[in-house]
Amino acid sequence: MDYQHLSTLLWREQELLDLLLFKAEEKQYLILTGKARWLARIAHEIEVILDQLRTLEVERAAATEVIAGKLGLGADPSLRQVADSAPAPWNDLLGKHHEALLVLVTDLRSLSDTNRELIEGGLAAIGDALVSARTPSAGTYSSSGRNDGTTHRAVTLDGAL
């Protein structure tokens, strides 16, 4: 059974999740400082990391299935189930991988929720600013060229003053 291969995949997954967490913190910094210019770039970098994680997840699932079959576990076992059934020292190492992954995913969810709230709050503030920036028209004519019936009146200034 290739526990070493599974462990290597889990280390790589932790590295990618840690990088994703870093990129999410960068995104938060950009949102807070109003540097929207770089948001598209950071979104692309996050998408690249997510693609790598998807590919790694498929490979990890395959490696887990092989080990689970030899341990007599059912199809699609959790990492915790594999860790609990694995012989020493792999049970301890896989358990530590499981704990580290849980911490990273929890941190990512929290940061992602915060970033979403910041973006939604920023959009609401922009909408409020646009609504309050609308000033009533001082014009005396409508778009058809007719008097719009407001109480404003046209004023002519003598340029010779």
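Remember, predicted model here, so these are calculated numbers, not experimental data.
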(request) Identify whether the distance between the nearest side-chain nitrogen and carboxylate oxygen of E57 and R60 falls below 4.0 Å. (result) yes
(message) So, taking the atom named CD in E117 and the one named CD1 in I31, what distance separates them when rounded to the nearest 0.5 Å?
(response) 11.0 Å
(request) Report yes if some heavy atom in the side chain of L19 is under 4.5 Å from a heavy atom in the side chain of F22; otherwise report no. (result) yes
(message) Could you measure the distance from the CG atom of L118 to the CG atom of L30? Nearest 0.5 Å is fine.
(response) 12.0 Å
(request) Show your working on side chain to side chain contact (heavy atoms under 4.5 Å, CB included) between W38 and K27 and close with a plain yes or no. (result) CA-CA 9 Å; W38 300 109; K27 183 177 181 180; over 6 Å; no
(message) Can you confirm whether R80 is buried at CZ, in the sense that more than 12 heavy atoms of other residues, nucleotides or ligands lie under 6.0 Å from that atom?
(response) yes
(request) Using atom types as modelled and distance alone, determine if a side-chain donor or acceptor of S7 lies under 3.5 Å from a backbone N or O of Y3. (result) no
(message) With rounding to the nearest 0.5 angstrom, report the CD to CG distance, Q81 to L94.
(response) 13.0 Å
(request) Keeping the roles fixed (side chain from N115, backbone from A24), state whether a donor-acceptor pair exists under 3.5 Å. (result) yes
(message) Distance check, rounded to the nearest 0.5 Å: K96 atom NZ versus L101 atom CG?
(response) 14.5 Å
(message) Could you go through L20 and Q52, starting from their C-alpha distance and side-chain angles, then the distance that decides it, and tell me whether this counts as side chain to side chain contact (heavy atoms under 4.5 Å, CB included)?
(response) CA-CA 11 Å; L20 188 59; Q52 292 173 352; over 6 Å; no
(request) Check whether any side-chain heavy atom of E59 sits under 4.5 Å from a side-chain heavy atom of E13, and report yes or no. (result) no
(request) Would you sort out whether D107 and V103 count as a side chain to side chain contact (heavy atoms under 4.5 Å, CB included), showing the intermediate values? (result) CA-CA 6 Å; D107 290 349; V103 168; 3.8 Å; yes
(request) Could you tell me the separation between the CD atom of E15 and the CD1 atom of I49, rounded to the nearest 0.5 Å? (result) 12.0 Å
(request) Give the cluster check for L53 versus V48: same hydrophobic cluster or not, with ILVMFWY residues linked at side-chain heavy-atom distances below 4.5 Å. (result) no
(request) Apply side chain to side chain donor-acceptor pair (under 3.5 Å) to K23 and list each qualifying residue two or more places apart in sequence or on a separate chain. (result) E26, E45
(request) Please examine the side chains of L111 and L21, heavy atoms only from C-beta on, and report whether any two atoms are closer than 4.5 Å. (result) yes
(message) Are T64 and L79 packed together at the side-chain level, in the sense that at least one heavy-atom pair is separated by less than 4.5 angstrom?
(response) no
(request) With sequence neighbours excluded, tell me which residues meet side chain to side chain contact (heavy atoms under 4.5 Å, CB included) with E47. (result) L50, D51, R54
(request) Work out which heavy atom in P77 is nearest to a heavy atom in E65; give both atom names and the distance. (result) CD-OE2, 3.6 Å
(message) If hydrophobic clusters are built by linking Ile, Leu, Val, Met, Phe, Trp and Tyr wherever their side-chain heavy atoms come under 4.5 Å apart, do L102 and W11 end up in the same one?
(response) no
(request) Decide, yes or no, whether a salt bridge links D113 with R109 under the criterion of side-chain N to carboxylate O below 4.0 Å. (result) no
(message) As a test of understanding, state which of V82, L10, D92 forms a side-chain contact (heavy atoms from CB on, under 4.5 Å) with H97.
(response) L10
(request) Treat each ILVMFWY residue as a node, draw an edge where side-chain heavy atoms are under 4.5 Å apart, and state whether L32 and I42 are in one component. (result) yes
(message) For N91 versus A86, what's the shortest heavy-atom pair and its separation?
(response) CB-O, 3.2 Å
(request) Supply the atom-to-atom distance S85 OG to L71 CG, rounded to the nearest 0.5 angstrom. (result) 5.5 Å
